[in-house]
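The structure appears right after this line, and notes come after that.
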Amino acid sequence: MPVTARHLAFVVGFGVAFASPLSAQPAVAHLSQVEGTVTRLHRFAPAVASVGVVLVAGDQIVTAIGRAELTFVDGSVMHLDHHTQVSISGAARIRLIDGRISLRTTTAYTADTASGIVHVLPEGVFELTSNANNRDVLVRVVEGDAQIESPSGREAVTSAQTAFVSGPTGRPYVSSWLHLQHDSFLQWGTSRYIAVLPPPAFLPYAHPTFRQFAYERSLRRGRGTHNRGEIRIHGDRRTEAP
């Protein structure tokens with residue numbers, strides 16, 4: 001049967017209709033820093049992992065001898081250490097497959113791991129380490145609060161505490177954590193937070209209006225200095241100007 005122009009237009013339109021939702025997939029985050037060997041898996045195909053690349057749900061970031069920083073659309077920031085693999089499940093949800101990450105949140109986030117689900121609250125700093133081989137997970141709460149959901153129930157983890165889960169059926173063991181002085185990943189993340197920290201919202205001495213007012217005040221002071229000592233005559237009296 002010959003293919004007419006109408007049939008061709010219908011086939012093309014049908015394909016575009018099914019392809020458009022994939023192409024219109026909303027952005028979840030973007031790569032704000034890349035150091036060393038970092039790979040982006042888009043639809044399970046390796047792609048360039050460079051600063052500014054937009055990430056959508058389903059993308060994975062894999063670091064070898066390198067580190068990466070992801071900035072989410074809500075302002076949350078995630079750091080990936082060496083030998084780490086993370087999947088972007090969607091808005092405010094990730095899956096830590098292997099390795100170590102640090103997450104500074106502005107909203108509530110959910111992290112899926114091999115040993116359970118980690119729920120972190122807004123305005124906090126959290127570190128997660130997962131081992132894909134033995135399926136162990138270590139959760140460290142630097143600031144804020146978190147909860148670990150496992151087959152044994154829910155366990156709360158607060159600031160300056162860690163929770164270790166051994167295997168998918170293990171119960172979280174919560175204890176206090178000690179600060180490591182020579183943690184290169186922690187130092188790298190801290191330097192990144194300082195580098196991207198925005199300046200104060202208002203610097204009065206640097207504002208143009210403030211500088212204009214200061215300039216006018218200096219002129220008034222100058223005029224006042226020149227007028228000092230002048231003699232004013234009011235009728236028959238001679239008075240010295242203030």
Side-chain angles (χ1 to χ4, degrees), residues 28-29 32-33 55 57 59-63 67-181 183-194 196-197:
V28 177
S32 50
Q33 181 69 13
L55 304 175
D59 286 353
Q60 293 186 18
I61 300 298
V62 182
T63 63
R67 292 189 173 108
E69 178 186 83
L70 276 64
T71 302
F72 292 85
V73 293
D74 61 2
S76 300
V77 178
M78 181 172 64
H79 291 154
L80 282 71
D81 199 3
H82 301 308
H83 307 291
T84 299
Q85 184 174 1
V86 174
S87 176
I88 308 298
S89 302
R93 193 179 188 100
I94 63 173
R95 182 164 63 95
L96 178 58
I97 302 172
D98 193 17
R100 182 185 180 189
I101 64 171
S102 173
L103 181 63
R104 184 182 292 264
T105 62
T106 59
T107 59
Y109 267 73
T110 301
D112 298 311
T113 68
S115 300
I117 303 174
V118 182
H119 304 276
V120 297
L121 298 183
E123 304 295 335
V125 181
F126 312 89
E127 287 188 9
L128 283 77
T129 304
S130 178
N131 191 319
N133 295 327
N134 52 23
R135 307 178 72 179
D136 292 343
V137 172
L138 178 65
V139 179
R140 186 164 75 95
V141 180
V142 181
E143 297 177 11
D145 296 281
Q147 283 189 347
I148 300 178
E149 182 181 348
S150 64
S152 61
R154 282 178 174 259
E155 194 76 25
V157 190
T158 60
S159 297
Q161 286 185 337
T162 61
F164 177 74
V165 185
S166 180
T169 59
R171 183 179 181 85
Y173 174 74
V174 180
S175 62
S176 59
W177 61 274
L178 299 176
H179 179 71
L180 301 177
Q181 297 293 335
D183 191 333
S184 60
F185 177 60
L186 182 60
Q187 295 174 358
W188 181 81
T190 303
S191 65
R192 284 298 306 161
Y193 288 134
I194 295 176
V196 301
L197 187 67

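Hydrogens, waters and symmetry mates play no part in the numbers below; they use all other heavy atoms, side chains included.
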Taking side chain as C-beta onward, heavy atoms only, is [X] less than 4.5 Å from [Y]?
| X | Y | answer |
| --- | --- | --- |
| V141 | T162 | no |
| I148 | I117 | no |
| I94 | I101 | yes |
| V120 | L103 | yes |
| I88 | L70 | yes |
| R192 | Q33 | yes |

Can you tell me if [X] and [Y] form a side-chain donor-acceptor pair at under 3.5 Å?
| X | Y | answer |
| --- | --- | --- |
| T110 | R95 | no |
| Q60 | Q85 | yes |
| S130 | T113 | no |
| T158 | D145 | no |

What closest approach, in Å, do [X] and [Y] show between heavy atoms, and which atom pair accounts for it?
| X | Y | value |
| --- | --- | --- |
| A156 | Q147 | CA-CG, 4.3 Å |
| S150 | P172 | OG-CD, 3.8 Å |
| V28 | G90 | CG1-O, 3.5 Å |
| A68 | W188 | O-CH2, 3.8 Å |
| T63 | D81 | OG1-O, 2.6 Å |
| S115 | V165 | CB-CG1, 3.7 Å |

Exercise. Start with the C-alpha gap between T105 and S76, add the side-chain angles, then the distance that decides, and say whether side-chain hydrogen bond (donor to acceptor under 3.5 Å, both in side chains) holds.
Key: CA-CA 5 Å; T105 62; S76 300; 5.5 Å; no
Looking at [atom1] of [X] and [atom2] of [Y], how far apart are the two atoms once the value is rounded to the nearest 0.5 Å?
| X | Y | atom1 | atom2 | value |
| --- | --- | --- | --- | --- |
| S102 | M78 | OG | CE | 10.0 Å |
| L96 | L128 | CG | CG | 6.0 Å |
| D98 | R135 | CG | CZ | 12.5 Å |
| S87 | L55 | OG | CG | 10.5 Å |
| W177 | E127 | CH2 | CD | 7.5 Å |

Quiz item: Do Q187 and T190 pass the side-chain hydrogen bond (donor to acceptor under 3.5 Å, both in side chains) test, and can you show the C-alpha distance, the side-chain angles, and the key distance before you say yes or no?
Solution: CA-CA 5 Å; Q187 295 174 358; T190 303; over 6 Å; no
Exercise. Quick one: do R140 and F164 satisfy side-chain contact (heavy atoms from CB on, under 4.5 Å)? Show the steps, please.
Key: CA-CA 9 Å; R140 186 164 75 95; F164 177 74; over 6 Å; no
Quiz item: Looking at F126 versus Y109, is the centre-to-centre ring distance below 6.0 Å?
Solution: no
Exercise. Could you go through the side-chain contact (heavy atoms from CB on, under 4.5 Å) check for R93 and D112 one step at a time?
Key: CA-CA 8 Å; R93 193 179 188 100; D112 298 311; 2.9 Å; yes
Quiz item: When you check the gap from the basic side-chain N to the acidic O, do D183 and R100 get nearer than 4.0 Å?
Solution: yes
Self-check item: Chi angles and distances behind the side-chain contact (heavy atoms from CB on, under 4.5 Å) call for D136, T129
Solution: CA-CA 8 Å; D136 292 343; T129 304; over 6 Å; no
Exercise. Go through E149 and H119 one step at a time and tell me if the side-chain contact (heavy atoms from CB on, under 4.5 Å) criterion holds.
Key: CA-CA 8 Å; E149 182 181 348; H119 304 276; 2.9 Å; yes
